[in-house]
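These notes are about the structure you will find just below.
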Amino acid sequence: MAEIMTTRELSPYLRLHEITICKYVEEGVIPGVRIGRVWRFDKAEIDKWIGESMANQKGKKMPKSKR
């Protein structure tokens, strides 16, 4: 069974502010579903999104200014 999270529950999980999460999900950065006036997130989809994001970052070099 899917574990569904609210924006408030997802915030500490991703270490992002709730407003940032809302902004990202509206932009299509984070996978989520809007039900009425609130967003809901499937934890398995969030974990998959994190894994894909990390895989995309491997092999990319950081700019010298960020090292």
Side-chain angles (χ1 to χ4, degrees):
M1 189 159 134
E3 183 178 348
I4 305 300
M5 302 174 79
T6 64
T7 306
R8 181 170 287 166
E9 294 166 334
L10 187 61
S11 180
Y13 186 70
L14 295 180
R15 296 184 184 174
L16 292 173
H17 194 278
E18 290 179 49
I19 293 171
T20 303
I21 291 171
C22 291
K23 177 183 165 190
Y24 285 171
V25 73
E26 287 172 0
E27 293 173 355
V29 176
I30 296 175
V33 175
R34 190 171 191 139
I35 301 173
R37 294 171 51 184
V38 295
W39 288 101
R40 294 293 184 252
F41 306 90
D42 182 342
K43 186 175 182 295
E45 286 295 315
I46 295 297
D47 290 338
K48 180 180 170 186
W49 170 74
I50 291 170
E52 290 171 355
S53 296
M54 291 177 70
N56 289 337
Q57 292 298 317
K58 287 184 179 179
K60 290 186 179 179
K61 293 184 179 181
M62 244 199 278
K64 289 183 181 182
S65 62
K66 299 269 181 177
R67 290 183 189 174

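Numbering of residues begins at 1 and proceeds along the displayed sequence.
- Using a 4.5 Å heavy-atom threshold, the side chains of Leu14 and Phe41 count as separate.
- Side-chain atoms of Ser11 do not come within 3.5 Å of backbone N or O of Thr7 as any donor-acceptor pair.
- Cluster membership for Ile50 and Tyr24, using ILVMFWY side-chain heavy atoms within less than 4.5 angstrom, is shared.
- Going from atom CZ of Arg40 over to atom CG of Leu10 covers 11.5 Å, rounded to the nearest 0.5 Å.
- Remark: of the listed residues Glu18, Arg34, Met5, Arg34 is the sole one forming a side-chain contact (heavy atoms from CB on, under 4.5 Å) with Trp39.
- A pairwise comparison of heavy atoms in Asp42 and Ala2 identifies OD2-CB, 4.0 Å as the closest pair.
- Within the 4.5 Å cutoff, side-chain heavy atoms of Asp47 are placed close to those of Tyr13.
- One hydrophobic cluster, built from ILVMFWY side chains closer than 4.5 Å, cannot hold both Val38 and Ile19; they sit in different ones.
- In this structure, the separation between CD1 on Ile46 and CD1 on Ile21 is 8.0 Å, given to the nearest 0.5 Å.
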